Structures are given as C-alpha cells and as structure tokens.
A.B. asks: 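Following this message is one structure expressed as structure tokens.
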Number of protein chains: 2
Amino acid sequence: MTPSLDIVFAALADPTRRTILAMLLEDDMAVTDVAHPFEMSLAAVSKHLGVLTAAGLISQEKRGRVKWCKLEPDALREASVWMQGFGQFEPVNLDAFERFLQSEIEGGTERS
Amino acid sequence: MTPSLDIVFAALADPTRRTILAMLLEDDMAVTDVAHPFEMSLAAVSKHLGVLTAAGLISQEKRGRVKWCKLEPDALREASVWMQGFGQFEPVNLDAFERFLQSEIEGGTERS
DNA sequence: TGAAACGTCAACCAAATGGTTGAATATCGA
DNA sequence: TCGATATTCAACCATTTGGTTGACGTTTCA
C-alpha cells in the first residue's frame with residue numbers, strides 16, 4: 001500500500017528530514033550516525049526516521065544492535081508525477097489529467 | 001524571494017489544497033467558487049488559499065469585490081528540482097506520458 | 001557476567017495546524 | 001441609499017508536530 005501524498009509531502013516539509021534523505025543518498029547509515037550531525041537528541045532523530053519510514057521514503061533493517069537506514073527513492077515517484085502534471089499538461093485536459101493520475105497512481109485513498 | 005521548500009511541501013501536504021490546485025488548473029476562480037465543492041466554511045477555504053499564496057503556488061488579485069485565484073505552477077519547479085536530485089525520476093515520466101497520450105487518442109473526448 | 005553501545009518508548013511541553021463561528025469591511029446593483 | 005454579495009478578521013478549540021528527558025530492552029564483547 002503506497003503511502004498517501006499527504007504523508008509523503010508532509011514528510012518532505014521538514015528540513016531535518018530532507019537533510020537525512022540527502023545523507024542517505026550517499027550510503028546506508030545507522031541511526032546513531034544519521035543523528036550525529038544534528039543538534040538534537042537521538043530520540044528526536046529516531047522520530048524523524050519513523051516519519052520517513054511511514055512515508056515509505058526510507059526503510060529500516062535491524063542487524064544486530066544496529067538499525068540500518070536505506071533510501072527508498074521510488075516513494076518519491078508518485079509525488080513527482082503529481083507535481084509534474086502541473087507543468088506538463090494543458091489546462092484544457094483537466095479531466096484527462098485526472099484520469100491519468102487515477103490510472104497512474106495506485107492506492108491513493110484520498111478524498112476528492 | 002522564493003518561498004522555502006518547507007513552505008511549499010507543507011502546502012502540498014493537504015488534500016484540500018491539492019484539490020484546489022487541480023481546480024485552478026482548469027481556470028482562474030473566485031474564492032467563493034473555489035469554496036463551493038468543499039464541505040467546510042468559506043473562512044477555512046480562505047485560509048487554505050492563504051497558505052497556497054504564501055507558498056507561491058497561487059496568486060490572488062482583487063478586482064471589485066471578487067478576488068481571483070490563479071495557479072502559479074512555476075513555484076513547483078524548485079521542489080521538483082529537489083526531488084529530481086534523487087535520481088530515478090526524469091523531469092517528465094516519458095513512459096507514463098506516452099501511455100497517457102495514447103489513452104487520450106483512443107478514448108476520444110468524453111468531457112461533457 | 002556485566003558494562004557499554006544502540007535504539008525506542010512514554011510522558012510531557014510549546015507551537016503550529018485546520019477547523020469553527022460571528023463580526024467587520026468593501027463593493028455591487030437596484 | 002440600502003440590501004445583498006464577497007471576503008477576511010478575530011477569537012476560540014482540538015489535534016498534530018517537533019522537541020525534551022529519563023527509563024527501558026537488546027546486543028556486543030572484554
């Protein structure tokens with residue numbers, strides 16, 4: 001079940017979380033290492049990672065006592081498609097655009 | 001000064017606001033008309049429009065007693081560029097776009 | 001075995017968010 | 001001028017968000 005656009009965009013709206021995503025672009029990281037550059041508690045970063053996980057933007061896998069965080073960039077695809085629609089489609093085709101989104105996006109259980 | 005990614009993504013995180021943007025894709029609208037399909041007060045919709053304006057996603061121009069709302073899709077560019085930094089997505093999802101065009105051709109124009 | 005490292009949980013707090021209602025402001029039209 | 005229309009403002013409320021701290025469960029390893 002793909003997380004809704006609500007959850008994905010809300011996850012992206014925080015600068016700490018966007019920085020974390022950029023960090024994970026380079027390599028997978030343990031929670032403690034993700035937290036290191038930030039001037040906030042480990043628990044706070046752990047919460048941010050929870051938000052990113054709920055949005056499907058990262059995945060977390062525990063090996064031993066270390067929990068590894070991995071970027072899942074595919075989760076950005078749905079949001080990206082949604083945004084691109086505003087640049088690429090003619091205003092005339094709203095109905096068609098909406099049908100397109102409907103067919104393109106799975107699991108979007110949002111109210112209209 | 002372009003609004004920060006924080007503000008833009010936060011604005012996009014609400015389904016009511018995304019629906020408003022989709023409505024404005026079709027045409028400019030007055031505040032009252034924007035509010036019409038929603039089951040909430042006019043004041044609430046007015047607040048949403050304020051959030052979208054603060055994010056630069058729409059502009060509002062008052063003519064007479066009517067305030068017209070206009071989509072400003074360029075505001076999505078910065079956010080779009082940020083997301084594209086994560087690779088995977090081309091600026092346009094060409095495959096999906098071609099399928100969309102194909103369905104357009106096959107389906108004919110069934111807008112009423 | 002036991003201390004240290006890794007990470008989360010629970011309770012708490014301040015501020016922001018999304019909604020309400022009622023009053024206020026400004027403009028149009030007859 | 002007066003009533004209706006269009007929109008915002010102000011105060012209020014409940015919920016969510018982003019942060020804190022301290023206690024807790026696991027896992028490692030000397």
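Only this structure's heavy atoms are used, side chains among them; waters, hydrogens and symmetry mates stay out. Computed from a predicted structure; not experimentally measured. Throughout, a chain's letter reflects where its sequence line sits, starting with A, and its residues are numbered from 1.
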A.B. asks: Could you tell me which residues satisfy side-chain hydrogen bond (donor to acceptor under 3.5 Å, both in side chains) with B:Asp33, sequence neighbours excluded, listed by chain and number?
C.D. replies: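 B:Asp33 satisfies side-chain hydrogen bond (donor to acceptor under 3.5 Å, both in side chains) with no other residue.
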A.B. asks: Return the minimal non-hydrogen interatomic distance between B:Cys69 and B:Leu24, and the atom names on each side.
C.D. replies: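 What the structure gives for the nearest pair is O-CD2, 3.5 Å.
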A.B. asks: Taking only residues at least two apart or on different chains, which pairs with a member in residues 7-24 of chain A satisfy salt bridge (charged side-chain N to carboxylate O under 4.0 Å, His left out)?
C.D. replies: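 Every pair satisfying salt bridge (charged side-chain N to carboxylate O under 4.0 Å, His left out) with a residue in residues 7-24 of chain A: A:Arg18-B:Asp6.
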A.B. asks: Encode nucleotides 21-30 of chain D as B, S and - characters from 5' to 3', where the letter depends on protein heavy atoms closer than 4.0 Å: B to the base, S only to sugar-phosphate, - to neither.
C.D. replies: B-----BS--
A.B. asks: Out of curiosity, A:Asp28 CG to A:Glu61 CD, how far, rounded to the nearest 0.5 Å?
C.D. replies: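 Answer for the CG-CD pair, A:Asp28 versus A:Glu61, is 9.0 Å.
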A.B. asks: Give me the atom names and distance for the closest heavy-atom approach of A:Ala79 to A:Val8.
C.D. replies: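 Scanning both residues completely, I find the closest heavy atoms to be CB-CG1, 4.1 Å.
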A.B. asks: Quick one: do B:Met29 and B:Ile20 satisfy side chain to side chain contact (heavy atoms under 4.5 Å, CB included)? Show the steps, please.
C.D. replies: CA-CA 10 Å; B:Met29 295 179 78; B:Ile20 291 173; over 6 Å; no
A.B. asks: For C:dG7, does OP1 or OP2 lie under 4.0 Å from any side-chain N or O of A:Ser46?
C.D. replies: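 So the side chain of A:Ser46 is outside the cut-off, no N or O lying under 4.0 Å from OP1 or OP2 of C:dG7.
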A.B. asks: To the side chain of A:Lys67, which of C:dG18, C:dT8, D:dG18 is closest?
C.D. replies: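 Nearest nucleotide to the side chain: C:dT8.
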A.B. asks: With no hydrogens and no angle check, is any side-chain donor or acceptor of A:Thr19 less than 3.5 Å from a backbone partner on A:Pro15?
C.D. replies: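 Flag set: sc A:Thr19 to bb A:Pro15 pair under 3.5 Å.
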A.B. asks: How does the hydrophobic cluster around A:Val51 look, that is, which other residues are in it when side-chain heavy atoms under 4.5 Å mark a link?
C.D. replies: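 For A:Val51, no cluster forms, as it stays isolated from other hydrophobic side chains.
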A.B. asks: Atom CG of A:Asp14 to atom P of C:dT17: distance rounded to whole Å?
C.D. replies: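 In whole Å, C:dT17 P and A:Asp14 CG are 12 Å from each other.
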A.B. asks: What I want to find out is whether B:Arg77 reaches B:Asp74 closely enough, with some N-O distance under 4.0 Å, to be called a salt bridge.
C.D. replies: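 Salt bridge: yes.
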A.B. asks: What parts of residues 29-40 of chain A reach DNA chain D, counting only heavy atoms under 4.0 Å away?
C.D. replies: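 Going residue by residue through residues 29-40 of chain A, the ones with a heavy atom under 4.0 Å of DNA chain D turn out to be A:Met40.
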A.B. asks: Over how many whole Å does the gap from B:Arg17 atom CZ to C:dG19 atom C1' extend?
C.D. replies: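 That distance rounds to 12 Å.
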A.B. asks: Which pair of heavy atoms, one from B:Arg65 and one from B:Lys62, lies closest together, and at what distance?
C.D. replies: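 Nearest heavy atoms, B:Arg65 then B:Lys62: CA-CE, 4.4 Å.
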A.B. asks: Can you list, in residue-number order, the parts of residues 47-58 of chain A that come under 4.0 Å of DNA chain D, counting heavy atoms only?
C.D. replies: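 Heavy-atom contacts with DNA chain D come from A:Lys47, A:His48.
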